Each structure stands twice: as structure tokens, then as C-alpha cells.
Amino acid sequence: MIAKVIVDVPANQTDRLFDYAIPKEWEEMIEPGMRVVVPFGPRKIQGFVISVVSESEHAKLKEISEVKDVTPVLTKELLDLGFWLTEKTLCYAVSALQVMLPAAMKANVTKTVVLGNKVNHEAAWFRMIENSGLKWDEFLSHFSHKELNRAIKNDELEVRYDVKEKTAPKTILSISAALTKDELRNEKEKMGNRAMKQQDIISFFLDNDGAISYKELMDVLDTTRSTIKSLVSKAILKEEEVELYRDPYKGRSFKPSEAMELTDLQKNAISPILESLENRQHGTFLIHGVTGSGKTEIYLQSIHRVLEQGKEAIVLVPEISLTPQMVTRFKSRFGSEVAVLHSGLSRGEKYDEWRKIHRKEVKVVVGARSAVFAPFTNLGIIIIDEEHESSYKQEENPRYHARDVAIKRGEYYQCPVVLGSATPSLESYARASKGVYTLIELLERVNKQAMPEVSIVDMREELRSGNRSMFSNELYDKLKERLEKNEQTVLFLNRRGYSTFVMCRDCGFVVECPHCDISLTYHKMNGKMRCHYCGHEERFPSQCPECESEHIRFFGTGTQRVEEELTKILPEARVVRMDVDTTRRKGSHEKLLNQFGEGKADILLGTQMIAKGLDFPNVTLVGVLAGDAMLHLPDFRASEKTFQLLTQVSGRAGRHILPGEVIVQSYTPEHYSIEMAADHDFQSFYKREMVTRKQFGYPPFYFLAMVNVSHEELTKTVDVTEKITSFLKSKLSNASVVLGPVASPIPRIKDRYRYQCMIKYKTEPNLNDHLKEIQKHYSKDISRGGLQLTIDTQPYMMM
Ligand SMILES: Nc1ncnc2c1ncn2[C@@H]1O[C@H](COP(=O)(O)OP(=O)(O)OP(=O)(O)O)[C@@H](O)[C@H]1O
Ligand SMILES: [Zn+2]
Ligand SMILES: [Zn+2]
């Protein structure tokens with residue numbers, strides 16, 4: 001028998017099926033979707049079996065050297081999905097297959113440079129490599145890529161690959177009874193009144209079933225390892241390795257929650273979803289539900305129905321709203337049926353959660369983007385909460401959008417896909433308006449609480465009237481009022497585009513990264529300036545490098561500075577600060593939130609990560625310090641993002657009995673995205689923004705594709721982008737627009753220049769073929785490492 005295998009070498013030349021002979025002893029065993037190790041040139045690499053056939057057109061085949069799995073890790077459905085992804089996102093098949101598996105299952109290939117067939121004693125590396133070879137990275141720290149390539153071509157050097165598994169399941173030595181209960185009773189009687197300690201242990205196994213670890217048994221019975229061992233040696237008990245799951249939620253109990261009686265609005269909203277479930281028919285539903293309208297309860301009750309049908313559910317939640325609060329809502333409703341997948345888990349923990357799904361030990365998975373690939377085989381529903389979030393798009397290969405994958409899987413399983421948001425993306429809302437998706441509206445909050453009152457403060461006015469602080473008078477007064485009334489405030493600072501850059505007050509010089517064209521950010525913690533793109537660090541200069549003035553200062557408003565100012569103007573306020581710095585440690589996110597939730601703080605100050613999902617009854621004021629910070633990003637979605645963010649943040653106030661109030665500070669208060677967010681007016685925003693999109697030819701009126709080129713040499717970068725642009729212009733119809741070559745908004749990162757070419761089109765049936773041709777044409781330049789080319793068929797990052 002022959003296995004057709006996709007090998008783990010992401011390169012143009014290897015992006016196809018290779019035939020391998022299956023050794024006799026494995027013929028029964030090998031199935032599509034299993035991982036194998038195969039010889040490939042001089043090395044051994046990992047691969048995926050795609051199909052098993054009886055004949056090959058090639059005469060002499062190498063044999064598979066190792067089988068890594070006992071059961072397939074990818075089902076037929078997922079294998080097909082992988083090839084669909086490959087077509088759609090123009091990635092290598094192996095990247096598409098790999099993205100569906102936890103990182104721990106990726107082969108860890110170590111590369112070693114060893115001597116080739118032609119020995120060159122003169123070469124500078126000869127002595128260093130002679131005996132055992134040199135690790136790839138080490139070699140390249142001494143010699144250049146060019147030298148390496150030349151030597152490989154001349155057969156003087158070779159690269160050896162070794163496959164190593166990254167994470168093995170964790171096991172623990174456990175004890176269980178080796179005999180039936182009757183036999184155990186017999187053994188115990190035989191002991192008479194000797195060996196009482198051993199009899200205690202036997203009694204324990206008479207009362208309990210299953211296995212228990214040595215440690216636990218020793219603790220419970222206050223006995224010793226040797227006492228237990230003696231029973232093992234008499235074959236009364238037996239030892240076995242039991243797989244242990246690294247459960248990140250271990251030891252925490254979740255109060256069980258009951259389904260709530262749905263409001264009439266919720267009942268209307270859920271009914272088309274339930275109908276789709278009963279009819280076993282796929283449909284995509286967009287729930288446009290204002291913040292606090294009870295969308296989550298609808299998700300929970302839909303899932304409940306799915307479980308009753310004996311099926312499984314996937315719930316996608318953006319990484320930053322995958323808060324302990326969110327997880328608790330699912331765990332307390334569905335208990336141990338729930339697996340959680342998010343980036344806060346260690347590699348091993350993710351692997352364990354994945355295996356629970358793979359072995360059908362859970363029926364619900366709650367997770368970030370990649371959870372859309374959960375290896376269920378009887379899916380009943382896929383839910384995407386906060387569907388507008390751009391984190392559902394993966395920004396590395398394969399550049400997929402979780403929404404597309406969800407719909408593809410929903411079609412396969414003939415099950416509903418539910419998208420939910422208070423601020424749907426323009427793309428989804430347009431599709432719902434056209435009837436491609438079913439629109440479900442939920443425009444009132446549960447219990448009809450009013451939407452919070454939003455007032456916009458013009459910060460230019462504040463400045464004119466002499467207030468130089470980052471708090472407007474109005475926000476200050478309201479903060480003080482909340483302190484007096486013992487109510488809580490959420491203060492939101494959008495740090496993106498608002499970080500602390502360093503500038504000379506005399507000449508206006510801004511300190512930039514020497515490798516990337518962006519300014520360095522000042523970090524108070526260590527007094528250094530740091531580049532957010534490449535990590536480059538510098539000491540804070542004592543004088544301006546340009547004019548030597550001593551008036552060089554940091555500007556902008558990081559959360560640290562806000563906190564400092566708060567303690568100055570409101571010394572009695574207890575502040576919890578949540579940002580990347582304070583939540584780096586595992587569990588700190590949860591701890592800070594609990595602290596706030598238990599009323600141990602008056603103000604929760606934070607970045608994006610506090611913008612959504614949080615639900616605290618005592619929060620009556622939300623302050624947005626810089627409402628327009630995102631508005632001026634070079635991104636056609638800037639207004640949409642601003643609207644979404646302001647709406648989400650405002651949604652944190654007055655969700656329960658106490659009414660809420662929101663203050664948005666802005667330097668451009670008249671911008672429609674700010675005004676309409678303040679009015680909670682999604683419809684008007686949608687209409688207004690659609691006009692702009694139509695006018696400038698952006699989604700959802702046009703499709704986009706983006707080609708990004710980067711190289712260390714500027715001329716090469718421009719030259720390649722130029723060629724690509726004119727190639728596409730010659731191939732595409734006149735109705736399509738090809739823009740470029742232009743420098744990317746960040747024109748240089750890590751010493752590499754960046755140019756782009758953007759394609760706007762309505763129909764281009766052959767676009768992907770043309771793009772593939774480009775990929776193929778430059779594949780040599782790419783594999784030599786000089787040129788980077790990324791093609792995105794659905795771009796979200798314009799930078
Ligand atoms: N039928 C119901 N009866 C009583 N309370 C409800 C009901 N449905 C939801 N709630 C409560 O209303 C609050 C808001 O609901 P939920 O969090 O589900 O809204 P949401 O639309 O998901 O909000 P957001 O988009 O802002 O996160 C929650 O505290 C929830 O427990
Ligand atoms: Zn200066
Ligand atoms: Zn840099």
C-alpha cells in the first residue's frame with residue numbers, strides 16, 4: 001500500500017503530495033489524517049497522510065519510517081477543510097494542516113549543519129563543524145546565509161534535520177485494584193489480624209472504584225509507599241501510568257447556573273436559531289444586539305438544545321474578552337463538558353484541552369480564533385461572539401478569517417452559525433441586509449435599562465480655558481461624585497497611537513528606532529526607550545541627539561502616567577491598573593478583576609483589554625480619555641473601529657439597576673463615528689460609513705487583496721513591487737483597481753523596507769491563479785531568505 005503524504009517543509013517546491021510505501025506491518029494501521037515520519041533527501045521529517053492508495057506511478061518508493069499517531073489527528077472533514085484553506089488563502093498545504101493542531105504537536109525540527117560529501121579543509125568553518133556539526137543558528141551567527149548556500153550547492157555542507165516531539169502527555173503513576181471486590185474481600189480475610197495497614201488499603205479499594213495516585217492514597221490513609229508497594233508485589237493492587245490533564249481551572253468550583261427565563265425579545269431572537277437546529281439545516285445568523293441585551297444567554301440556551309440533540313458546540317470569543325467572567329458563565333452552565341482554549345494557557349495545557357475534545361470527553365469548546373478548528377465530528381452549532389473583532393483574522397500563514405471557516409464547517413455539518421455583536425462589522429451587516437445572513441435584532445437591554453447617557457467633551461476647549469491636565473473638568477467632577485457615592489468607574493485609555501514617545505521641546509526631534517520607522521516608547525519601569533516592533537532598547541538621552549538641547553522629554557499618556565495623575569488629583573481613590581505590564585503574570589488578570597469586582601477599588605484603569613465583556617453592577621461611570629486615538633490610523637476601517645470601541649466601552653456602564661453615564665474626551669468631537677457612538681446609533685453610522693466605502697471603493701462594495709513586499713534593499717523592494725503591480729495590471733480587468741507600488745504606512749521594520757500593492761475588485765475569477773503565479777515566480781528569491789512576500793486575500797492590517 002502507498003501513502004500520499006504532505007511533508008512538513010513549507011516551501012513552494014515541496015507543496016505537493018509525495019508517495020511513500022507503507023511497510024507491511026503497518027498496512028492495517030495507517031489512515032488518512034495521521035502524522036508520520038518519512039525520509040526526505042538526507043533527512044527525516046514529519047508529514048501528514050492524506051490518502052492511502054494501492055498504486056503509485058513512481059517505481060521506487062521510500063518507506064515510511066515512523067507512525068506518530070494511533071488514531072488520526074485530522075478527520076476527513078478537517079483534511080478537506082485544510083485544502084480549501086490552501087486554495088482560499090494561498091498558503092502551503094502543510095501550514096493549513098498544522099494550524100488546526102495545537103502547537104505542541106508540531107514537530108520540533110532541529111537543524112544542524114554538517115559536512116557534505118566534498119570535503120573542503122580550507123573552509124573557515126571546517127574545524128568548527130568537523131566532528132559533530134554546528135546548530136543552524138550558531139552557524140549563521142558566524143557565517144552568512146550566502147556562504148552557507150554556496151557551500152551547500154558545492155556539496156561541501158549539508159543540513160541535517162531531526163524531528164523531536166515537543167510535549168508528551170503528562171502521566172502519573174497510579175494504583176488500582178488488580179482483583180475483583182470479592183477476591184479483595186477474600187485477601188483481606190486471609191490476613192486475619194495481621195498487617196492492619198495493608199487491610200486499610202484493601203478496604204479503601206473495596207469502597208472506591210478506579211485509580212488513585214500514590215501521593216493521594218498516602219495522604220488519605222496516612223500510610224507509606226512501601227505498604228502500598230507490598231500489595232502491588234502480591235498482585236492484589238496494580239500500578240499503571242494514568243494520563244494527567246493539566247487543567248488550568250483545576251481546584252476552582254463553578255456555581256451551577258440555571259437557564260434564565262428568556263424575555264420576549266430574547267425568545268424572538270432565539271427562535272430562528274432553534275428552528276435551524278430542529279431542521280438540521282445550515283444558516284448564518286447575525287445577532288445585532290446592543291450591549292447588555294442578553295446575547296450570551298441566547299448562546300447558552302442554543303447550546304443547551306444542541307447538547308440535548310447529542311451534538312457539539314464551538315464558541316469563539318476574542319482573546320481579550322476571554323475573561324474569567326466569560327469562562328465562568330459557560331463552565332457554570334455546562335460544567336465539565338466545557339474545554340477552554342486560549343493563548344494564556346501553556347503549550348501543554350492547550351494540548352491537553354485539545355485531547356479532551358479529540359477523545360470526545362467534552363462537548364463544548366470556548367476559545368479564541370483557532371478553536372474554530374476543534375476536532376469535533378458531530379457539530380451542532382458554531383457561535384462567534386463580537387464577530388466584528390479583527391482578531392478573528394489570522395495575520396500569519398494561513399491568513400484565514402475564522403468567520404469563513406465557521407461557515408464552511410457549518411455547511412458541512414448542516415448546522416447554524418451564529419454571529420453576534422453590538423457593533424457588527426460592515427461586511428456582515430451588509431450581508432445580513434441583503435439576506436445572505438439572517439438578521440436578528442435585539443435592540444433593547446434586558447429589563448429595559450436605558451442605554452447610558454454619553455457626553456462628549458471637546459478637549460480643545462479645555463486647553464483653551466487653561467486646563468492642561470488629561471482629565472477634563474467634567475470627568476474630574478464625575479469621578480469625585482462617584483467616590484462620594486461609593487460607586488465604581490471604568491477609565492479607558494486607548495494606548496495604541498497614544499504611547500509615550502520622546503521628543504525634544506526645542507527642535508521637535510522625535511527619537512525613532514534605528515531599524516524601524518516608528519518612534520520609540522518610553523518605559524518608566526526601567527527608564528529605557530523601546531521599539532514595539534523589534535524590541536530595540538536605548539537609554540533615555542540626557543540631551544537631544546539633534547540640537548543638543550537638554551529639553552528632551554517624553555510625551556503622550558500611558559496608563560502609568562494616568563495612574564500617577566489620578567493619585568495626585570484624587571489621592572483617596574483606590575485604583576486598579578490593567579494593561580500589558582500588570583497582567584503579564586499568569587492569573588494576574590483574574591486577580592485584578594476580582595479585586596475590582598469585590599469592591600476593593602474605586603477605579604479600574606486600563607487599555608483595550610477592559611473594553612469588553614466585563615459586567616460589574618456597581619459601575620456607573622465610564623470615562624474614555626482619548627476617544628479619537630484610533631481615528632487617524634492609516635486604515636480604511638479607522639472610523640468603524642472607533643465607533644465599535646466607543647460603543648463597547650460605553651456598554652460597560654449601568655448594566656444593572658444603577659443607571660450609567662459615559663464621558664468621551666476627544667480632540668475631534670464632531671467626527672461622525674464619535675457622535676453616532678454617543679447616540680448609540682448603529683443604523684446611522686452604518687449608512688454613513690457605507691457611503692464612504694462606496695465612494696472610495698472599499699469593502700463591502702469591493703473585495704481587497706494585498707501584496708506586501710519586503711527586502712533589506714530599498715531598490716529591490718520597490719523594483720519587485722513595481723513588477724508585481726504591472727503584472728497584475730496587465731492580467732486583471734479594467735473594472736479592477738491595482739494601487740501601487742507604495743511604501744507601507746510603516747515603511748521599514750527590522751531594517752527591512754516595506755512596500756505594498758493593493759487590489760480592489762468586484763469579480764476576478766482568476767485572481768488567485770495570478771497571485772499564485774507571483775508566489776511561484778519569486779519562490780527562489782524567497783527561499784534564499786532575501787525577499788519576503790506576503791499575499792493576503794482578505795487584508796485587515798493595513799500597516
Ligand atoms: N432572560 C434574562 N433574565 C434576566 N437576566 C438576564 C436575562 N438574560 C440576560 N440577563 C442578564 O443580563 C445581563 C446582560 O446579559 P448578557 O451579558 O448576556 O448580554 P450581552 O448582550 O452578551 O452583553 P454584551 O454584548 O455587552 O457583553 C447579564 O447580567 C445577564 O445575566
Ligand atoms: Zn532638539
Ligand atoms: Zn525597531
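This is a predicted model, so every value here is computed, not measured. Atoms within a ligand are numbered from 1 in the order they appear, just like the ligands themselves.
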Backbone or side-chain N or O of [X] under 3.5 Å from ligand 1 N or O:
{"X": "T291", "answer": "no"}
{"X": "M260", "answer": "no"}
{"X": "G292", "answer": "yes"}

Student check: side-chain heavy atoms of H342 and V366 closer than 4.5 Å: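 Result no, sub-4.5 Å side-chain heavy-atom pair not found.
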
Side chain, backbone, both or neither: T296 near ligand 1, heavy atoms under 4.0 Å: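 The answer is both, backbone and side chain.
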
Greater than 12 external heavy atoms within 6.0 Å of E278's CD: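 For E278, atom CD is crowded (more than 12 foreign heavy atoms under 6.0 Å).
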
Heavy-atom neighbours of K360 NZ exceed 12 at 6.0 Å: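 Result for NZ/K360: enclosed.
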
contact_flag G651 ligand 1 heavy-atom lt 4.0 Å: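 Under 4.0 Å: no for G651.
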
Heavy-atom gap R329 to ligand 1 smaller than 4.0 Å: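 Distance cut 4.0 Å: R329 passes for ligand 1.
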
Looking only at the side chains, is there a donor atom on one of [X] and [Y] sitting less than 3.5 Å from an acceptor on the other?
{"X": "Y429", "Y": "Q683", "answer": "yes"}
{"X": "Q665", "Y": "S472", "answer": "yes"}
{"X": "Y392", "Y": "E386", "answer": "no"}

What are the atoms of ligand 1, with element, lying closer than 4.0 Å to any heavy atom of [X]?
{"X": "L262", "result": "1 (N)"}
{"X": "G294", "result": "9 (C), 15 (O), 16 (P), 18 (O), 19 (O), 20 (P), 21 (O)"}
{"X": "T263", "result": "1 (N)"}
{"X": "E297", "result": "8 (N), 18 (O)"}
{"X": "E261", "result": "1 (N), 2 (C), 3 (N)"}

Aromatic plane relationship, F334 with F330 - under 30° parallel, 30 to 60° tilted, over 60° perpendicular: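 Rings of F330 and F334: tilted, as their planes differ by 30° to 60°.
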
